[in-house]
Amino acid sequence: MSKLLVENLTKTYAGTKAVCDVSISIGDGELLCLLGPSGCGKSTVLRMIAGFETPSSGRIVIDGEDVAHLPPDKRPTGMVFQSHALWSHMTVAQNIAFGLKLRGLTREAVRAKVAQVLELVGLAGFDKRYPGQLSGGQQQRVAIARCVVLAPKILLMDEPFSALDAHLRVRLREEVRGIQQRLGLTTIFVTHDQEEALTLADRIVVMNSGRVEQIGSPSAVYAGPATRFVAEFIGTMNMIETMVAAEVASIAGMPFSVESSDGPHRIAMRPEDIALSHLPGPGLPATVERILDLGAIRMVDARLGSGEIVKVQTGKTEACRPGERVWLTAGAMVAFDADGTVRRARPLRPEARLHG
Ligand code: ADP
């Protein structure tokens with residue numbers, strides 16, 4: 001059983017808060033992704049858990065033990081970095097065996113564990129090669145093997161694949177997920193790539209400016225962003241500016257109910273939640289401006305009478321022409337107030353026929 005509790009973690013550098021009051025709890029065998037733009041504090045959180053940075057305040061508890069006073073090598077954590085940092089003068093087997101030898105294992109035990117872990121990362125037979133004789137992806141597999149062979153309670157991965165090309169990145173993250181699940185390793189994975197987080201994580205922690213914006217499963221964070229930042233950072237989201245008065249807002253003449261106080265708001269709708277009709281009917285009238293063929297789907301840019309562009313996802317077979325008049329209806333939407341806090345929203349009089 002390996003559980004990690006991070007409580008009110010804060011890190012200040014020369015008066016600037018890099019991490020501010022972050023609290024996260026990670027269950028046994030869970031893979032948690034820290035997701036956010038560059039500079040939002042993800043690596044600093046990870047480095048504090050590993051012991052490479054000292055928190056300004058807060059607690060880090062692993063399986064009930066506060067590890068704050070322990071140096072990195074005494075913590076039950078293992079870290080894989082973006083650059084694999086293998087020892088170039090050592091063979092693959094020697095790189096992996098190094099930590100095991102420090103622990104005083106017998107030669108036979110070391111040999112058996114190295115063979116086992118090389119099999120696990122798909123590098124059986126590569127033991128006598130030097131890092132310079134391996135591809136970038138293979139080197140990163142060795143770095144993972146070197147880490148997991150020491151059976152850490154918590155595996156920490158800091159953008160481990162961001163230096164690799166897109167195809168390899170996808171393959172390696174699937175492999176890492178497989179290894180993590182097979183070993184039941186409690187893991188924190190740092191990435192700025194939302195697709196990586198959405199496909200890998202049991203839960204995602206979305207960070208912005210040193211703070212946690214939202215914690216939830218990939219589907220919960222995607223479908224129910226808690227803040228405007230999350231809505232705009234994850235996936236594609238249409239954000240249409242509007243004013244709310246007496247809980248009613250209007251977009252291109254179409255009224256919406258918004259459960260919020262008076263003032264400027266944004267109504268948020270995902271492209272795949274909007275239906276496009278070629279016949280006049282309920283919904284927002286718009287003009288097709290551009291059609292982007294994305295292979296499996298199409299993305300249609302439709303301009304509202306108010307001048308704003310709404311992105312609508314359609315199927316491959318959708319017959320649409322630039323300049324065509326269409327009517328848009330949203331199946332799901334939310335609103336965000338001026339502070340970026342989420343509010344409930346829905347169209348009023350969906351049966352209304354508007355010809356803006
Ligand atoms: P991320 O991993 O999300 O890209 P980091 O955790 O690396 O972000 O950095 C968070 C913030 O802390 C950034 O503004 C960065 O410039 C700052 N920072 C990180 N390390 C140091 C340091 N050693 N000294 C001063 N500022 C730092």
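It should be emphasised that the depicted structure is a prediction, and the values quoted were computed from it without experimental measurement. Note that ligands are numbered from 1 as they come in the structure, with each ligand's atoms numbered from 1 the same way.
Summary of contacts: the protein heavy atom closest to atom 9 (O) of ligand 1 is Thr44 OG1, 3.7 Å. Atom 12 (O) of ligand 1 has its closest protein heavy atom at Ala18 CB, 3.1 Å. Residue, atom and distance of the protein heavy atom nearest to atom 19 (C) of ligand 1 are Tyr13 CE1, 3.5 Å.
Heavy atoms from other residues, nucleotides or ligands lying under 6.0 Å from CZ of Arg343 number more than 12.
Remark: the backbone N or O of Ala109 is paired with a side-chain donor or acceptor of Thr106 at under 3.5 angstrom. The backbone N or O of Ser2 sits less than 3.5 Å from a side-chain atom of Thr186, completing a donor-acceptor pair. A donor-acceptor pair under 3.5 Å is formed between the side chain of Lys11 and the backbone N or O of Thr54. Asp273 places no side-chain N or O within 3.5 Å of a backbone atom of Met269 that could act as its donor or acceptor partner. Side-chain atoms of Thr187 come within 3.5 Å of backbone atoms of Leu185 as a donor-acceptor pair (strictly under, hydrogens ignored).
For Pro37, the closest heavy-atom approach to ligand 1 falls below 4.0 Å. Under a 4.0 Å heavy-atom criterion, Gly36 is not in contact with ligand 1.
Which parts of ligand 1 touch Cys40 is read off a 4.0 Å heavy-atom cut-off, strictly below it: atoms 1 (P), 3 (O), 8 (O).
Distance check on atom 15 (C) of ligand 1: every protein heavy atom falls at or beyond the 4.0 Å cut-off.
The closest heavy-atom contact to atom 4 (O) of ligand 1, among the options Gly39, Ala14, Ser43, comes from Gly39.
The shortest N or O to N or O distance between Glu53 and ligand 1 is not below 3.5 Å. Residue Gly41 places at least one N or O, backbone or side chain, under 3.5 Å from an N or O of ligand 1.
Geometrically, Arg270 engages Tyr222 in a cation-pi contact defined by less than 6.0 Å to the ring centre and at most 45° from the axis.
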